[in-house]
Protein chains: 2
Amino acid sequence: MLDITALTKEDAATCPVRSVLSKVTGKWQILIFLALEDESHRFGELKRTVGDITPRVLTENLKSLERDGFLTRTVHSGPPLAVSYELTEMGHSFIKVIKPVVFWAGDNFQSIDAARKKFAS
Amino acid sequence: MLDITALTKEDAATCPVRSVLSKVTGKWQILIFLALEDESHRFGELKRTVGDITPRVLTENLKSLERDGFLTRTVHSGPPLAVSYELTEMGHSFIKVIKPVVFWAGDNFQSIDAARKKFAS
DNA sequence: CTAAATAGTGCGTAATTGATACTTAGTACC
DNA sequence: GGTACTAAGTATCAATTACGCACTATTTAG
């Protein structure tokens, strides 16, 4: 098994696996990856695609993903002013491993729902 | 592309993909899956393996995963009193798709670190 | 009844997330 | 120049969620 043990918070921070997972398995990151999979999008497009994300949170997530090298941010001076976001090679590489997880989610949604109903009884 | 659009919170709650992802991509769930991959473990063993999780949070996560059918909880009346946790078939099925993500994290840790250093400059 | 070992809870605090309204930037029109 | 229009964020404060620590509960041996 991979070593994910961490006796202290400091250990956890230096564990490569944990460090990476914490950057990509939040509530919004995977949705942003999916939205950008096939083509670059502007800020407003991303916001509309995800739908229920607030601009503040979208900005935070995009900054973090840019900082970690998953996507690039390009400013096109207008009119109209436009900023586009695009996955990097590493971003596309990550999408290859996360998509099976997304498909798994789609395939197993009903089993989980069934388990939940059964558990309640 | 898969549809992950949600115009309202209610939409988001009923989106199968989002619903499943929210249950398995938290801070601790993947670590718990990894710890249980090869064999069942008792509460205290899990706590020591993960290392920096508090009992309260471990309990919460185990309850949630049990409720959703990813693992089973078995009480062995003592002495000493023991409670063991074990992945279900669905739990093992999920581990198959999440392990590539974990390996990806291990493989790409340095690229991300490099991107971060470059971005800072 | 007391003790020892394992499993879990309760409660107050800290960090994150969220909603809403506001600010900045670039350009065109008057 | 001044006003307006559109896109891209920010600021502020409230609400939610997660965390840390100490405490409680259960089971059986002596």
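A, B, ... follow the sequence lines: proteins, then strands. Residue 1 opens every chain. The basis for the numbers below is simple: all heavy atoms, side chains too, and nothing from hydrogens, waters or symmetry mates. Model, not experiment: these values are computed from the prediction.
- The side chain to side chain donor-acceptor pair (under 3.5 Å) test applied to A:Trp104 returns B:Ser93, not counting sequence neighbours.
- The distance from atom NZ of B:Lys47 to atom P of C:dG8 is 13 Å, rounded to the nearest whole Å.
- Atom NZ of B:Lys27 is separated from atom C1' of D:dG20 by 12 Å (rounded to the nearest Å).
- Among the nucleotides D:dA22, D:dC19, D:dG9, the one closest to the side chain of A:Pro55 is D:dG9.
- A donor-acceptor pair under 3.5 Å is absent between the side-chain atoms of B:Glu86 and the main chain of B:Glu39, judged by distance alone.
- Rounded to a whole Å, the CG atom of A:Leu58 is 13 Å from the C1' atom of D:dA7.
- In this structure, A:Phe43 places its CZ atom 17 Å from P of C:dG26, rounding to the nearest Å.
- For A:Tyr85 and D:dG9, the shortest distance from a side-chain N or O to OP1 or OP2 is below 4.0 Å.
- An OP1 or OP2 oxygen of D:dC19 is reached within less than 4.0 angstrom by a side-chain nitrogen or oxygen of B:Trp28.
- The distance from atom CZ of A:Arg42 to atom C1' of D:dA8 is 9 Å, rounded to the nearest whole Å.
- Separating the CD1 atom of B:Ile53 from the P atom of C:dG8 is a distance of 13 Å, rounded to the nearest angstrom.
- The listed nucleotides are D:dT10, C:dA7, D:dC19; the one nearest the side chain of B:Arg73 is C:dA7.
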Derivation and outcome, side-chain contact (heavy atoms from CB on, under 4.5 Å), residues B:Tyr85 and B:Ser40 = CA-CA 5 Å; B:Tyr85 293 89; B:Ser40 73; over 6 Å; no
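- With hydrogens and angles left out, the side chain of A:Arg56 and the base of C:dG18 share a donor-acceptor pair within 3.5 Å.
- With A:Thr25 contributing its side chain and A:Leu21 its backbone, the two residues share a donor-acceptor pair below 3.5 Å.
- Between B:Leu62 and A:Glu60, the one whose closest nucleotide on DNA chain C sits nearer the 5' end is B:Leu62.
- Rounded to a whole Å, the NE2 atom of A:His76 is 19 Å from the P atom of C:dA25.
- No side-chain donor from either of A:Ser84 and A:His41 sits under 3.5 Å from a side-chain acceptor of the other.
- In this structure, B:Asn61 places its CG atom 16 Å from C1' of C:dA7, rounding to the nearest Å.
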